[in-house]
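Notes follow the structure.
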Amino acid sequence: MYTRMMIRLGYPAQNLGLPETTNRTLRLASLIDVDRLKGIVRKNIAGLRNILHWNAERGIWLFRMGQDLVPFASHPAFPYDWTAEHGGELREAGELARTLGIRLSMHPGQYIQPASPRPGVAARGIEELRYVTRVFDLMGAEDAVTVLHIGGGYGDKPGTAARFVEVMSPQTEILRYLALENDERVWTAFETVETARSLGIPAITDSLHHNLNPDGLSLREALDLSLPTWEKRGTRPKLHLSSQDREKRPGAHAYSIDSLDLEALFSALDGREADVMVEAKGKEQALAAMGVRVR
DNA sequence: GTCCGTCAAGCAGGC
DNA sequence: GCCTGCTTGACGGAC
């Protein structure tokens, strides 16, 4: 099914079976404990290395690092120069990922709102995106991806999209890695592609979000729009795959991937190559259903 | 020792 | 207007 790397798979942030994570953190009030903070960052980077080795042995060629790799890195209260302190470790981890052939990503969360009309909110979001950019730069991760939602709509989506483009256009360092992802409530796959195109960056179609917010497009039509946006960057297109947890509200991720959702994605791809990030509560366990040996 | 509510941050939407 | 979910480990306080 996955011959010739038509499809490569990955999962985010942690490995349940090892168990290992890149997301150890601490409370903001504990940031003053510099020794402990440095230890947490080192453990996260060590966790990343362990996961990379484990993944490579099983042919898992994508991994999303947790946003807390360096906890509070973009916060004004962060107490030391983390790029100087951890640059060497990050460079070595990046070398490892390159040697193993694993593509990295990060996904800043719902608080990152570059198009917010509130200047402070927008500025903090940009700072977080700079942090991700510095991590990738230090790691030498040229094909890495910063995955971001456009954010709120503020009751005026065209105006907000224009503001997003205006705010992000000067951020050329961030744009080198940035890709925009559709969400399940506000920004459709079509709108996300349009906004990404205006910035000259690629778009990611998330299959579950698209099901909930399709705006009349089939998954195939959405992919027809988003896949070509990756040509300019010269890297493989990225997608997100997840299944609905039937017992929870729409948008909640299930533990594993429903075979119907997998088939629907393959059908929509129709032979085109893609890097597929599998967003499931079961993390690496969810890849078992796709023929990956996970133990 | 275990359990539980809360923790930096922003939004949309349901009530 | 208030509450919830998004994600998930940390951690203090209650018991």
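Just so it is clear: chains get the letters A, B, ... in the order the sequence lines come, proteins before strands, and each one is counted from 1. This structure is a prediction, so every number in the text was calculated from the model and none was measured. The basis for the numbers below is simple: all heavy atoms, side chains too, and nothing from hydrogens, waters or symmetry mates.
The phosphate of C:dT7 has OP1 or OP2 within less than 4.0 Å of a side-chain N or O from A:H253. The phosphate of B:dC11 (OP1 or OP2) has a side-chain N or O of A:S116 nearer than 4.0 angstrom. Taking side-chain N and O atoms only, A:T25 has no distance below 4.0 Å to OP1 or OP2 of C:dT8. The side chain of A:R118 places no N or O atom within less than 4.0 Å of a non-bridging phosphate oxygen (OP1 or OP2) of B:dA9.
Nearest to the side chain of A:K281, among B:dG10, C:dT7, B:dA8, sits C:dT7. Between B:dG10, C:dC11, B:dA9, one nucleotide has an atom nearer to the side chain of A:R36 than all others, and that is C:dC11. Of all nucleotides listed (B:dG10, B:dA8, C:dA10), B:dG10 comes nearest to the side chain of A:V121. Closest to the side chain of A:L26, from the set B:dA8, C:dA10, B:dG10, is C:dA10.
With rounding to whole Å, A:I112 atom CD1 is found 12 Å from B:dC11 atom C1'. Atom CG in A:N44 sits roughly 14 Å away from atom P in C:dT8 (whole-Å rounding). Taking atom CG on A:L129 and atom P on B:dA9, their separation rounds to 18 Å, with Å as the unit. Rounded to whole Å, atom C1' of B:dG10 lies 15 Å from atom CD1 of A:I126. One interatomic measurement links the two molecules: CD of A:Q110 to P of B:dC11, which rounds to 11 Å at whole-angstrom precision. One atom, CG of A:D68, and another, P of B:dC7, lie 17 Å apart when rounded to the nearest Å. Rounded to whole Å, atom P of B:dA8 lies 18 Å from atom CD of A:Q67. When rounded to the nearest whole Å, the span between CZ of A:F72 and P of C:dA10 equals 12 Å.
The residue A:A252 sits close only to the backbone: its heavy atoms come under 4.0 Å of sugar-phosphate atoms, none of a base. The residue A:G153 sits close only to the backbone: its heavy atoms come under 4.0 Å of sugar-phosphate atoms, none of a base.
With respect to the salt-bridge test (charged N to carboxylate O, under 4.0 angstrom), the residues A:R91 and A:E95 qualify. A:E85 has a carboxylate O that lies under 4.0 Å from a charged side-chain N of A:K38, or vice versa, which qualifies the two as a salt bridge. Between A:R246 and A:D258, at least one side-chain nitrogen of the basic residue sits less than 4.0 Å from a carboxylate oxygen of the acidic one, meeting the salt-bridge criterion. The pair A:R24-A:E20 meets the salt-bridge criterion, with a side-chain N (NZ, NE, NH1 or NH2) lying under 4.0 Å from an Asp/Glu carboxylate O. The pair A:R8-A:D275 counts as a salt bridge, with a side-chain nitrogen and a carboxylate oxygen less than 4.0 angstrom apart.
For the residue pair A:T235 / A:D143, no side-chain donor-acceptor distance below 3.5 Å is found, with atom types taken as modelled.
Judged by distance alone with a 3.5 Å cut-off, a donor-acceptor contact links the side chain of A:R27 to the base of C:dA10.
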I would like to know whether A:E181 and A:H107 meet side-chain hydrogen bond (donor to acceptor under 3.5 Å, both in side chains); could you show each step before the answer? CA-CA 10 Å; A:E181 179 191 353; A:H107 189 359; 3.2 Å; yes
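Non-hydrogen atoms lying under 4.0 Å from DNA chain B are contributed by A:Y154, all within residues 154-166 of chain A. Heavy-atom distances under 4.0 Å link DNA chain B to no residue of residues 11-18 of chain A.
Here A:Y111 lies parallel enough and close enough to stack on the base of B:dA9, with planes under 30° and ring centres under 5.5 Å apart.
Closest non-hydrogen pair, A:M6 versus A:R272, comes out as CE-C, 3.9 Å.
Across the P atoms, B:dT6 and C:dC3 are found 11 Å apart, a figure rounded to whole Å. If you take atom P in B:dG5 and the same atom in C:dT4, they sit 12 Å apart, rounded to whole Å. Taking atom P on both nucleotides, C:dG13 is separated from B:dA8 by 14 Å, rounded to a whole Å.
Within 6.0 Å of the CD atom in A:E127, the count of heavy atoms belonging to other residues, nucleotides or ligands exceeds 12. No more than 12 heavy atoms of other residues, nucleotides or ligands lie within 6.0 Å of CZ in A:F190, so this atom counts as exposed by the packing criterion.
In a base pair of the Watson-Crick type (N1 to N3 plus N6-O4 or O6-N4) or a G-U wobble (N1-O2 and O6-N3), with each distance short of 3.5 Å, B:dA9 is matched with no nucleotide. With a cut-off of 3.5 Å on both Watson-Crick or G-U wobble distances, the partner of C:dT8 is given as none.
With A:I112 as reference, A:L129 is the one residue of A:T146, A:I126, A:L129, A:V121 to meet the side chain to side chain contact (heavy atoms under 4.5 Å, CB included) rule.
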